[in-house]
Colleague: 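There's a structure below that I have some questions on.
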Number of protein chains: 2
Amino acid sequence: MAVDQLDATFAALADPTRRAILKRLKSGEATVMELAAPFEMSQPAISKHLKVLERAGLISRGRDAQRRPCRLEPGPLKAATDWLENYRRYWEEQYQRLDALLDVLKEET
Amino acid sequence: MAVDQLDATFAALADPTRRAILKRLKSGEATVMELAAPFEMSQPAISKHLKVLERAGLISRGRDAQRRPCRLEPGPLKAATDWLENYRRYWEEQYQRLDALLDVLKEET
DNA sequence: GGGATATAAATCCACTCGGTTATACAACCG
DNA sequence: CGGTTGTATAACCGAGTGGATTTATATCCC
């Protein structure tokens, strides 16, 4: 995956409003109005957030009359997870060391 | 995990320089100078990136005379991965649909 | 056609970001 | 002590972000 794709994905995920929008979209498509409803924020602000999510490829949009329903696109989320998976080994090692340390301490008592 | 902790983690990960620094730290501790060497960037710029990573809890720093070695801290990376894992079902569904589509296409030929 | 609804676009502002240079601080070395 | 090395801080700059408000566009419904 291209570097700037990861940039855009992580940058998009770094905002709680946008993460909440993604969470909402897990339960199915939604229009801009539906997505905006839970937030004390203007509709244009939500549209901007949606544009960020769309540019990052995290959502895509259809057309239903004057509505532009949004749906979740899992590709970039998977790519981000794959990138983070490279660090799994590292924290597993650290937790193993922590466990070992705790064992030693337990024996010493 | 607190919302602004995730904010800080994803924001820190949204920069290729910082991701490269993390990657380097997978192979062990490193000083600021060592981390700065691969980049065509001033030392203060690297120090700023390190501060971002430190504030996000992604690294921690020790002290060795006038050096401040950095080491990877896996906690926030794990938290970010856990958050992303909630979306695994989506891409697995999508890939199942893709597989099914490919099967149909294969039968049609 | 005309009003209502859903969304986008344009503009403005305060703020953050990623970089720079210059400077300061702290610890080693001779 | 004085110089050098490693790092942090400050001040600054240009670009981008996240909001608000206002205005435009498009589609539905009557």
Side-chain angles (χ1 to χ4, degrees), chain A residues 3-25 28-73 76, chain B residues 3-25 28-73 76:
Chain A
V3 158
D4 39 358
Q5 174 67 72
L6 268 184
D7 287 7
T9 301
F10 282 130
L13 293 178
D15 182 283
T17 302
R18 288 192 291 260
R19 286 199 305 276
I21 289 173
L22 293 180
K23 185 177 180 183
R24 163 66 182 79
L25 290 177
E29 286 195 3
T31 68
V32 177
M33 293 308 269
E34 288 166 349
L35 291 172
F39 300 99
E40 290 179 349
M41 200 182 296
S42 64
Q43 165 264 315
I46 298 294
S47 278
K48 273 197 184 181
H49 282 302
L50 292 176
K51 191 140 76 176
V52 172
L53 291 170
E54 192 176 12
R55 276 195 49 235
L58 287 164
I59 65 171
S60 63
R61 325 193 57 176
R63 190 176 281 278
D64 165 28
Q66 71 269 52
R67 262 142 273 153
R68 306 287 314 278
C70 305
R71 86 188 64 87
L72 203 50
E73 286 293 337
Chain B
V3 158
D4 39 358
Q5 172 67 71
L6 267 184
D7 287 8
T9 301
F10 283 130
L13 293 179
D15 182 283
T17 302
R18 289 193 290 262
R19 289 199 305 275
I21 289 174
L22 294 180
K23 184 177 181 183
R24 162 66 182 79
L25 290 177
E29 287 194 5
T31 68
V32 176
M33 294 308 270
E34 287 166 350
L35 291 172
F39 301 100
E40 290 180 349
M41 201 182 295
S42 64
Q43 167 264 316
I46 299 294
S47 278
K48 274 197 182 182
H49 282 303
L50 292 176
K51 191 139 79 175
V52 173
L53 290 170
E54 192 176 14
R55 278 196 48 237
L58 287 163
I59 66 172
S60 64
R61 325 194 59 178
R63 189 176 282 277
D64 166 27
Q66 71 269 52
R67 261 142 270 149
R68 306 289 315 278
C70 304
R71 86 187 66 87
L72 205 48
E73 286 293 338

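Please read these numbers as outputs of a predicted model, since none were measured by experiment. Every chain is numbered from 1 and lettered A, B, ... according to where its sequence line falls, protein lines coming before strand lines.
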Colleague: Can you tell me how far C1' of dC17(C) sits from CD1 of Ile46(B), to the nearest Å?
Modeller: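 Rounded to the whole Å, the gap is 15 Å.
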
Colleague: Between the main-chain N or O of Leu13(B) and the side-chain N or O of Arg19(B), is there a donor-acceptor pair closer than 3.5 Å?
Modeller: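 At least one qualifying donor-acceptor pair exists.
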
Colleague: Between His49(A) (NE2) and dT7(C) (P), how many Å, whole number?
Modeller: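 His49(A) atom NE2 is separated from dT7(C) atom P by 16 Å.
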
Colleague: Please name the residue in the list Glu54(B), Arg67(B), Arg71(B) that meets the side-chain contact (heavy atoms from CB on, under 4.5 Å) test with Arg61(B).
Modeller: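 In the set Glu54(B), Arg67(B), Arg71(B), the residue that makes a side-chain contact (heavy atoms from CB on, under 4.5 Å) with Arg61(B) is Glu54(B).
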
Colleague: Return the value, rounded to whole Å, for the distance between atom CG of Asp15(B) and atom C1' of dG19(C).
Modeller: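 In whole Å, dG19(C) C1' and Asp15(B) CG are 11 Å from each other.
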
Colleague: Counting only side-chain heavy atoms from C-beta out, which of dG19(D), dA27(C), dG18(C) sits nearest to Ala65(B)?
Modeller: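 My answer, after comparing the listed nucleotides, is dA27(C).
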
Colleague: Return no unless some side-chain N or O of Ser42(B) is found under 4.0 Å from OP1 or OP2 of dG19(C).
Modeller: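 Checking Ser42(B) against dG19(C): no side-chain N or O falls below 4.0 Å of OP1 or OP2.
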
Colleague: So which atom in Ala11(B) and which in Ala14(A) form the shortest heavy-atom distance, rounded to 0.1 Å?
Modeller: N-CB, 3.4 Å

Colleague: Nearest-nucleotide wise, let me know which of Asp64(A) and Thr17(A) is further upstream toward the 5' end of DNA chain D.
Modeller: Thr17(A)

Colleague: What is the per-nucleotide protein-contact pattern of nucleotides 6-17 of chain D, from the 5' end, where B denotes a base atom under 4.0 Å from a protein heavy atom, S denotes such proximity for sugar-phosphate atoms only, and - denotes neither?
Modeller: SBBB--------

Colleague: Using whole Å, report how far CE of Met41(A) lies from P of dA20(D).
Modeller: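 In whole Å, dA20(D) P and Met41(A) CE are 6 Å from each other.
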
Colleague: Please state how far atom CG in Asp7(B) lies from atom P in dT16(C), giving the value in whole angstrom units.
Modeller: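 So the CG-P distance, Asp7(B) to dT16(C), works out to 14 Å.
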
